[in-house]
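Worksheet for the structure shown next.
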Amino acid sequence: MVTRTTLSAAAPWTALATGPEDWDAADPALLGTMLAQMHLIRAFEEEVLVLAGEGLVHGPAHSSIGQEGGAVGSIVGLRPSDQINGSHRGHHQFLAKALAYAAPGLDPTGALPETVDRVLYRTLAEILGLEPGFGHGRGGSMHLRWAEAGALGTNAIVGGGVPLAAGAAMAHKLAGTGDIAVTCFGDGAMNIGATLETMNLAAAWSLPLLFFVENNFYAVATRVDEVTREARLSGRAPGFGIPAWRVDGMDPLAVHLATEEAAALLRAGRGPALIEVEVYRYFHQNGPLPGSAFGYRPKEEEAAWRARDPLKRTADEMIRRKLIDEAAVADLRDRCEALMRDIAGRLVEPEGNRRRIRPGLWPDKAFVDVGIRAPLPAHPPGRRTEEEARGLPMAERRFVDAIADLLNRRFATEPSLVLMGEDVHRLKGGTNGATRGLADAHPGRVLGTPISEGAFTGLAGGLAIDGRYRPIVELMYPDFMWVAADQVFNQIGKARHMFGDDTDVPLVLRTKIAMGTGYGSQHSLDPAGVFATAPGWRIVAPATPFDYVGLMNAALTCRDPVLVIEHVDLYQMTGAVPADDLDYLVPLGRARIVRPGTEMTVLTYSAMVHRTLETVDALGVDAEVIDLRTLDRLSLDWETIGASIRRTHNVLIVEQGARGTSYGGMLADEIQRRYLDWLDQPVQRVHGREASPTISRVLERAAFAGPAEIAAGLALTMAEKGRPLDAAALGALA
């Protein structure tokens, strides 16, 4: 007989509502602060819509009018050191955190402090894209950040900020501060993979992270019950073992009480938690018109929600308790509106019968590329240079052993390092042995992750941005970067520049090229060309154990995210490493001439350095072979490259990977722009075919470049010089 047992979730799911006795018991100062904050935010948002209606907001204006109660109720009780982030509709959350930090304990009947003016002025300036803004105008409406106040940044990618907040929570957990992180997002983000992955990861690692879901029932014009069967979004949490609350977001006190309960769990080490608040945006996704104007919401629905306005609810309860009267509430609204009109007047000016941005407030155009990457750090005192290290007694080490030795050394000397990735804590050092011994020697700092590249890569990004820890992430194969692409490129790579050059992202991402191993199209990418076209990243590709140690040491002093490319063909190769020094640095931005020559300049990297040297020697070509070592645009060693080109007048770029994701295309273009007058022929290139390598041994070999393709490239370059190579020698390599 079939036996059926009713199961229950491992975590509670609670609906919380307030009654008159809760409002009677509430601290008058708390209610007054919430009322003042909500009126300031409402007046701010209304002024934004006025400016947007005049065409003065460049880009969208996602107002939060109607949703102030959820933001203020959840944030008013946080510590200044607690942190929040939010989504594209995040003005209210940003302002709630900024006001609570800059002007705590607001009195709704008293004069507004000068700090309130400064916060509102800088926020509106940022939304208008102006220099006085928090990000010097770069972030605008959707990327508001004030790290000092604990506002980590709003985010234009739906769900994109959720993994980053997990990184902030991880930093709080590692530091043992008792602080928490809150990630705010809407109903649309609840079905995003990054959100669900992060919920699982945060629960697995017991992070002090509060998932705060503003369910306003519409993702633009699509109702939540059209796209999910369970429209009570807090129901997702118990499935991950996360306690959840469902609250009326138009009741700020209920939101505050639920947040207090959730925060207590988080501070006690029992996180994460989730709160779903039901709120309503009074206007369309973007701009000053209601949703009914676009036909997807009935006017009756809009009127019913407006009747439940959180500002009125709070004021009515305070009036009932005789904490304020209607005249004082009206005066508060008038003063907030007047303040916002005054602030707007300082940012715009009349121009005929219209208004325009005051010209002197625009950012300088020269600022456009400032802050894509940070300046490289100076050489740390007490650590040997590359030249000094090459003069030391050497020992032969396998490439993979040099990686493990170096990581063990760095973890022993730098307590801020944390490493994460799939299986990095098992299998005697992950799938290749590169993290051998780390997990046993440094428990709690070497973290095996779920198979969720988006979540753990984004978490590492948030951990890096926090600044107290430096994460090393291993992506088992570089093709997996596409799984984590939003976090890799939209978040980690852009953070510094997007937020106005005040955000370090000291993260190292390790991955390996695995061409020739039979793992097929989805495991065989060379990522150099993709990362080189993405702003913000630095790229290193060591070809020897010596260079790996020195370049990784340099990467771990960098304030930018650094991609470290390894190659499976190198792991078992041996090379000389200083016997008693794993602390030296090979500086980023310095190439190395590994073979001098006069006939041509060959530029290459990683495992292709060795294949190029072997082929050049076999053909007897007097080629100068340069190991680029660092590959991002800013780190290319043009001094070494240019000097070689001026000697040889011919260039061949050698890489292994597919033509479509080729690194050499970008490099060839830049060389011809810089050195056209010195070239005797166009830059020649060796690369793989258009197809990705596949499983068949024969087809896989045909897809990527090897000795035969290098030989053909050398032959073509020499033939264009009028000095063809010996056909018999070429035939031997075919």
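Please read all numbers here as calculations on a predicted model, not as lab measurements. Quick note: residue numbers are just sequence positions, from 1.
- Ring pair Tyr477/Phe480 is perpendicular by interplanar angle, where above 60° counts as perpendicular and below 30° as parallel.
- In this structure, a donor-acceptor pair under 3.5 Å is present between the side chains of Gln681 and Asn650.
- From Tyr675, atom OH reaches atom CD1 of Ile645 across 6.0 Å, with rounding to the nearest 0.5 Å.
- Between Thr717 and Gly713 the shortest heavy-atom distance is OG1-O, 2.8 Å.
- Atom CD1 of Ile565 is separated from atom CZ of Arg510 by 12.5 Å, given to the nearest 0.5 angstrom.
- Minimum heavy-atom separation, Pro693 to Met515: CG-CG, 4.2 Å.
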Do Ile492 and Leu507 pass the side chain to side chain contact (heavy atoms under 4.5 Å, CB included) test, and can you show the C-alpha distance, the side-chain angles, and the key distance before you say yes or no? CA-CA 9 Å; Ile492 293 168; Leu507 175 147; 4.1 Å; yes
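- Looking at Met420 and Leu459, their side chains come closer than 4.5 Å, going by heavy atoms from C-beta outward.
- Ring pair Tyr548/Phe399 is perpendicular by interplanar angle, where above 60° counts as perpendicular and below 30° as parallel.
- No more than 12 heavy atoms of other residues, nucleotides or ligands shown are found within 6.0 angstrom of CD on Glu690.
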Evaluate salt bridge (charged side-chain N to carboxylate O under 4.0 Å, His left out) for Asp405 paired with Arg409, printing each intermediate quantity in order. CA-CA 6 Å; Asp405 293 346; Arg409 171 63 178 167; over 6 Å; no
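- Between the OG1 atom in Thr544 and the CG atom in Leu570 there is a gap of 9.0 Å [rounded to 0.5 Å].
- A perpendicular orientation is assigned to the rings of Phe531 and Trp537, their planes being inclined by more than 60° (bins at 30° and 60°).
- Side-chain contact between Ile653 and Val686: absent, with no pair of heavy atoms (C-beta onward) separated by less than 4.5 Å.
- Remark: Arg685 does not engage Asp669 in a salt bridge, criterion side-chain N to carboxylate O under 4.0 Å.
- Under the 4.0 Å criterion applied to side-chain N and carboxylate O atoms, Asp583 and Arg410 are assigned as salt-bridge partners.
- No donor-acceptor distance shorter than 3.5 angstrom exists from the side chain of Gln684 to the backbone of Leu716, with no hydrogens or angles considered.
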Steps toward side chain to side chain contact (heavy atoms under 4.5 Å, CB included) verdict (Val625, Ile593): CA-CA 6 Å; Val625 179; Ile593 298 174; over 6 Å; no
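- Glu474 places no side-chain N or O within 3.5 Å of a backbone atom of Leu419 that could act as its donor or acceptor partner.
- In this structure, Ile372 and Pro535 approach most closely via the heavy-atom pair CG2-CB, 4.1 Å.
- Residues Lys494 and Phe489 fail the side-chain proximity criterion, which asks for heavy atoms closer than 4.5 Å.
- In this structure, the side chain of Thr517 engages the main chain of Ala514 through a donor-acceptor pair within 3.5 Å.
- For Asp617, the salt bridge (charged side-chain N to carboxylate O under 4.0 Å, His left out) test picks out Arg595, with sequence neighbours left out.
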Please step through salt bridge (charged side-chain N to carboxylate O under 4.0 Å, His left out) for the pair Arg436 and Asp401, ending with a clear verdict. CA-CA 8 Å; Arg436 168 181 43 80; Asp401 292 333; 3.8 Å; yes
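- With values rounded to the nearest 0.5 angstrom, Leu556 atom CG is found 7.5 Å from Leu406 atom CG.
- For the residue pair Ser521 / Ser692, no side-chain donor-acceptor distance below 3.5 Å is found, with atom types taken as modelled.
- Residue Met600 holds its CE atom at 9.5 Å from CZ of Arg723, rounded to the nearest 0.5 Å.
- The backbone N or O of Ala711 sits nowhere less than 3.5 Å from a side-chain atom of Thr615 that would complete a donor-acceptor pair.
- At distances below 3.5 Å, not a single donor-acceptor pair connects side-chain atoms of Thr574 with backbone N or O atoms of Arg398.
- Of the charged side-chain nitrogens involved, none lies within less than 4.0 Å of a carboxylate oxygen, so that Glu639 and Arg590 do not count as a salt-bridged pair.
- For the pair Asp560 and Arg538, the salt-bridge criterion is met [side-chain N within less than 4.0 Å of a carboxylate O].
- For Arg383 and Tyr584, the positive end is not near the middle of the six-membered ring at less than 6.0 Å and at most 45° from its axis.
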Any chance you could lay out the side-chain hydrogen bond (donor to acceptor under 3.5 Å, both in side chains) test for His567 and Gln656, step after step, and finish with the verdict? CA-CA 11 Å; His567 199 299; Gln656 186 178 35; 2.8 Å; yes
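- Lys721 is not listed as a side-chain neighbour of His649, based on a closest heavy-atom distance of 4.5 Å or more.
- For Asp622 and Thr598, the side-chain atoms include at least one donor-acceptor pair closer than 3.5 Å.
- Using a 4.5 Å heavy-atom cutoff, the side chains of Glu386 and Leu585 are not in contact.
- Atom CZ of Arg384 has 12 or fewer neighbouring heavy atoms from other residues, nucleotides or ligands inside a 6.0 Å radius.
- Distance alone, capped at 3.5 Å, places no donor-acceptor pair between the Thr630 side chain and the Leu588 backbone.
- Looking at Thr457, its side chain never comes within 3.5 Å of a backbone N or O of Gly454 through a donor-acceptor pair.
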Show, in sequence, the C-alpha distance, side-chain angles and deciding distance for Tyr663 and Leu628, and conclude whether the side chain to side chain contact (heavy atoms under 4.5 Å, CB included) test is met. CA-CA 12 Å; Tyr663 175 75; Leu628 294 170; 4.1 Å; yes
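- Put simply, the side chain of Ser662 gets close to the backbone of Gly664: a donor and an acceptor are under 3.5 Å apart.
- Atom OH of Tyr519 has 12 or fewer heavy atoms from other residues, nucleotides or ligands within 6.0 Å.
- Of the possible donor and acceptor atoms, one in the side chain of Thr435 sits under 3.5 Å from a partner among the backbone N and O of Val424.
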Going through the distances and angles, do Gln491 and Asn155 end up as a side-chain hydrogen bond (donor to acceptor under 3.5 Å, both in side chains)? CA-CA 9 Å; Gln491 311 297 343; Asn155 205 293; 2.6 Å; yes
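- Between Phe411 and Glu414, the closest side-chain pair of non-hydrogen atoms is not below 4.5 Å.
- Nearest heavy-atom pair, Pro478 versus Lys512, reported as atom, atom and distance to 0.1 Å: CD-O, 2.6 Å.
- A salt bridge is defined here as a Lys NZ or Arg NE, NH1 or NH2 lying under 4.0 Å from an Asp or Glu carboxylate O, and Arg647 with Glu624 meets this definition.
- The closest donor-acceptor contact from the side chain of Asp627 to the backbone of Arg629 lies under 3.5 Å.
- The two residues Leu392 and Pro578 come nearest to each other via the heavy atoms CD1-CB, 3.9 Å.
- Residues Thr557 and Pro380 share a closest heavy-atom pair of CG2-CG, 4.1 Å.
- Within 6.0 Å of CZ in Arg646 there are more than 12 heavy atoms belonging to other residues, nucleotides or ligands.
- Atoms CD1 and OG, from Ile641 and Ser644 in turn, are 9.0 Å apart once rounded to the nearest 0.5 Å.
- In this structure, Val621 and Met718 have side chains that are in contact, with non-hydrogen atoms separated by less than 4.5 Å.
- Tyr469 has its side chain out of reach of Pro506: every pair of non-hydrogen atoms, C-beta onward, lies at least 4.5 Å apart.
- Shown here is Ile695, whose CD1 atom has more than 12 heavy atoms of other residues, nucleotides or ligands within 6.0 Å.
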